[in-house]
Amino acid sequence: MDQKAPLHNTCEIGPLRKVLLHRPGRELENLMPDYLERLLFDDIPYLKLAQEEHDTFADTLRTFGVDVLYLTDLTAEAVTDDGVRRQFITDYLDEADIANARVRDMLTEYFSSLPAKQLVEQMEAGVRKSEVQHFEQTRLADLTAFGEEEYPFVVDPMPNLYFTRDPFAVVGRGVAIHKMHTKTRNRETLFGKYIFEHHPLYKNVPKWYDRGETSSLEGGDILVLSPEVLAVGISERTEEDSIDKFAQTLLSQSETFKKVLAINIPKTRALMHLDTVFTMVDVGVFTVHPAILRDLDVYVLELGKNSKVQIREEQGRLNDILRRHLNLDKVELIPCGGGNSIDAAREQWSDASNTLAIAPGEVVVYSRNYVTNRLLEEHGITIHCIPSSELSRGRGGPRCMSMPFVREDL
């Protein structure tokens, strides 16, 4: 591994050295029962406890020598230049659909007055109407011109930000900046755009996908199985066309990757991404949800002689597919909830299959998923449990909450 490379991620279980997180902020306090569906939440986490749980997660990683970066800090560091910052504010207002000139001018003035980190934090939290009505030029009629009169926000919050896995994905030495499936979450990718275009450490890394594409691709559907093989879920939130474009760029420009396995999974909220049903915990060992322990449709994408992606379809059981494409003698699949339909459904709801490997055979998990955690230990996996009574309300686990920047090769 090149120690100087700003990004390096060639396997899900390579020893973790640097990771990006987002500590939950005021955006969670802008969740309201009437608008949960709009913001893709099922419940409202208690911010103070969610932050404490998240701090435990970060400290657990630091204990093992992982350098923890934060999304807010990197974004703030990327917009220190005055011109970049002005464009950042303009792009943010465009993403928020602020068309009313009076409101747009008011928000521009407001955001421009804030120091860089406070600016990013305010963008993450959204803007309540009550926060800006002190501007003399702002009238209530202007604030409601683009939305419902009773709606309390000028700009929606971004409560999903603590799931840093999804807006972009580090693959090899490059990054895919995603087009998210929903408008609510697509705004999150703006932070990735500015980090990977303007941050002094990351602005020159290769780009495998761009947020300006027309079809959706989300990081929870991308699993780096080996330096040569990538798995991508065809899911509720990732489309076939985006996988084709991503694979074409990655396979033709990366140093090591040779094939992409596009795995068709059920299109449901509980199984929204590939990593909610399938994660790697050791060499040849995976956690799975029972829903994919059946014949699967898999599309193998490889470069043909003309350097264009060629696609062939395969069907089969997951263990056979993995063994064949990863050249393994044996594959172990550890079922969420022990395969029991009730335990599996309950623990899947709190992301028992969504583990974060910090080294081969060593993973971070939610303590509440005790049935699956016991099974992991019985299979020789070392687990590090973190509390999750509030974090789990967002429907994402330790892998969802983290984006590895640097892993050592196996």
Side-chain angles (χ1 to χ4, degrees), residues 1-2 5 7-17 169-174 176 208 219 221-234 243-244 246-265 273-275 277-289 292-305 307-335 353 355-363 376 379-382 399 404 406-410:
M1 184 183 77
D2 182 356
L7 302 177
H8 188 89
N9 181 25
T10 59
C11 185
E12 291 289 317
I13 58 172
L16 185 60
R17 291 293 170 253
V170 174
V171 180
R173 295 187 182 184
W208 310 133
D221 281 312
I222 298 174
L223 274 70
V224 185
L225 300 180
S226 79
E228 295 186 349
V229 182
L230 205 71
V232 183
I234 305 170
I243 299 174
D244 294 347
F246 173 50
Q248 178 64 53
T249 304
L250 178 72
L251 298 180
S252 61
Q253 297 182 18
S254 73
E255 297 174 355
T256 65
F257 292 99
K258 305 301 182 186
K259 73 175 67 169
V260 172
L261 306 178
I263 303 174
N264 202 5
I265 65 173
H273 290 133
L274 184 62
D275 72 358
V277 295
F278 168 52
T279 54
M280 191 176 189
V281 296
D282 202 350
V283 177
V285 185
F286 304 83
T287 59
V288 296
H289 187 272
I292 61 169
L293 294 178
R294 55 175 176 78
D295 282 343
L296 296 172
D297 294 323
V298 177
Y299 301 90
V300 182
L301 288 75
E302 298 174 291
L303 287 186
K305 293 181 180 179
S307 295
K308 298 295 184 183
V309 164
Q310 306 294 314
I311 304 172
R312 71 176 189 276
E313 184 177 0
E314 294 184 1
Q315 288 186 324
R317 297 280 176 167
L318 182 61
N319 57 339
D320 293 328
I321 291 165
L322 293 172
R323 188 171 61 248
R324 181 166 61 252
H325 290 286
L326 296 178
N327 297 314
L328 296 170
D329 294 329
K330 180 183 177 183
V331 168
E332 289 185 81
L333 302 180
I334 304 173
S353 297
T355 64
L356 173 66
I358 56 175
E362 198 163 352
V363 299
L376 287 167
H379 281 77
I381 306 301
T382 300
R399 188 182 192 273
V406 177
R407 286 187 183 273
E408 291 182 15
D409 295 328
L410 292 182

Enquirer: Atom CG in L318, atom CG in L296: separation rounded to 0.5 Å?
Expert: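 Atom-to-atom, L318:CG and L296:CG are 6.0 Å apart.
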
Enquirer: How far apart are the closest heavy atoms of V224 and V170, and which atoms are they?
Expert: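 Smallest interatomic distance, heavy atoms only, reads CG2-O, 4.4 Å.
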
Enquirer: Quick one: closest heavy-atom pair of R294 and R317, and the distance?
Expert: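 Here R294 and R317 meet closest at CA-NH1, 2.9 Å.
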
Enquirer: Taking NZ, NE, NH1 and NH2 as the nitrogens, is one of them in R407 or E12 under 4.0 Å from a carboxylate oxygen of the other?
Expert: no

Enquirer: To the nearest 0.5 Å, tell me how far R17 CZ sits from I358 CD1.
Expert: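 Reported to 0.5 Å precision, the distance equals 9.5 Å.
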
Enquirer: Under a 3.5 Å distance rule, please check whether T256 uses its side chain to pair with a backbone N or O of P227 as donor and acceptor.
Expert: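 Yes, because the side chain of T256 sits within donor-acceptor range (under 3.5 Å) of the backbone of P227.
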
Enquirer: Between Q248 and V309 (side chain of the first, backbone of the second, donor and acceptor by atom type, cut-off under 3.5 Å), is there such a pair?
Expert: yes

Enquirer: Identify the heavy atoms of L7 and V406 that sit nearest to each other, and give their distance.
Expert: CA-CG2, 4.5 Å

Enquirer: To check you understand the geometry: which heavy-atom pair defines the closest contact between G14 and L410, and what is its length?
Expert: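 Looks like CA-CD2, 3.8 Å.
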
Enquirer: For the side chain of S254 and the backbone of L251, is there at least one donor-acceptor N/O pair under 3.5 Å apart?
Expert: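 Pair absent, no side-chain N/O of S254 close to backbone of L251.
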
Enquirer: Of the options D297, D320, N264, which is the one that meets Q315 in a side chain to side chain donor-acceptor pair (under 3.5 Å)?
Expert: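 Only match with Q315 under side chain to side chain donor-acceptor pair (under 3.5 Å): D297.
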
Enquirer: Without swapping roles, check the side chain of D221 against the backbone of H273 for a donor-acceptor pair under 3.5 Å.
Expert: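 Answer holds: no.
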
Enquirer: Identify the two heavy atoms, one from R399 and one from I222, that lie closest to each other, and give their separation to 0.1 Å.
Expert: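 So the minimum-distance heavy-atom pair works out to NH2-O, 2.8 Å.
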
Enquirer: Kindly compute the distance separating OH (Y299) from CD1 (I311), expressed to the nearest 0.5 Å.
Expert: 9.5 Å

Enquirer: Looking only at side-chain N and O atoms, does T279 offer a donor or acceptor that is under 3.5 Å from a partner on T287?
Expert: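 Per modelled atom types, T287 and T279 side chains form a pair under 3.5 Å.
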
Enquirer: Give the minimum heavy-atom separation between V331 and N319, together with the two atoms involved.
Expert: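 Of all heavy-atom pairs spanning V331 and N319, the closest is CG2-O, 3.9 Å.
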
Enquirer: For a side chain to side chain contact (heavy atoms under 4.5 Å, CB included) check, start with the C-alpha distance between L261 and V300, then their side-chain angles and the critical distance, and finish with the verdict.
Expert: CA-CA 5 Å; L261 306 178; V300 182; 4.0 Å; yes

Enquirer: Could you grab the distance from atom CZ of F257 to atom CD of E228, nearest 0.5 Å is fine?
Expert: 9.5 Å

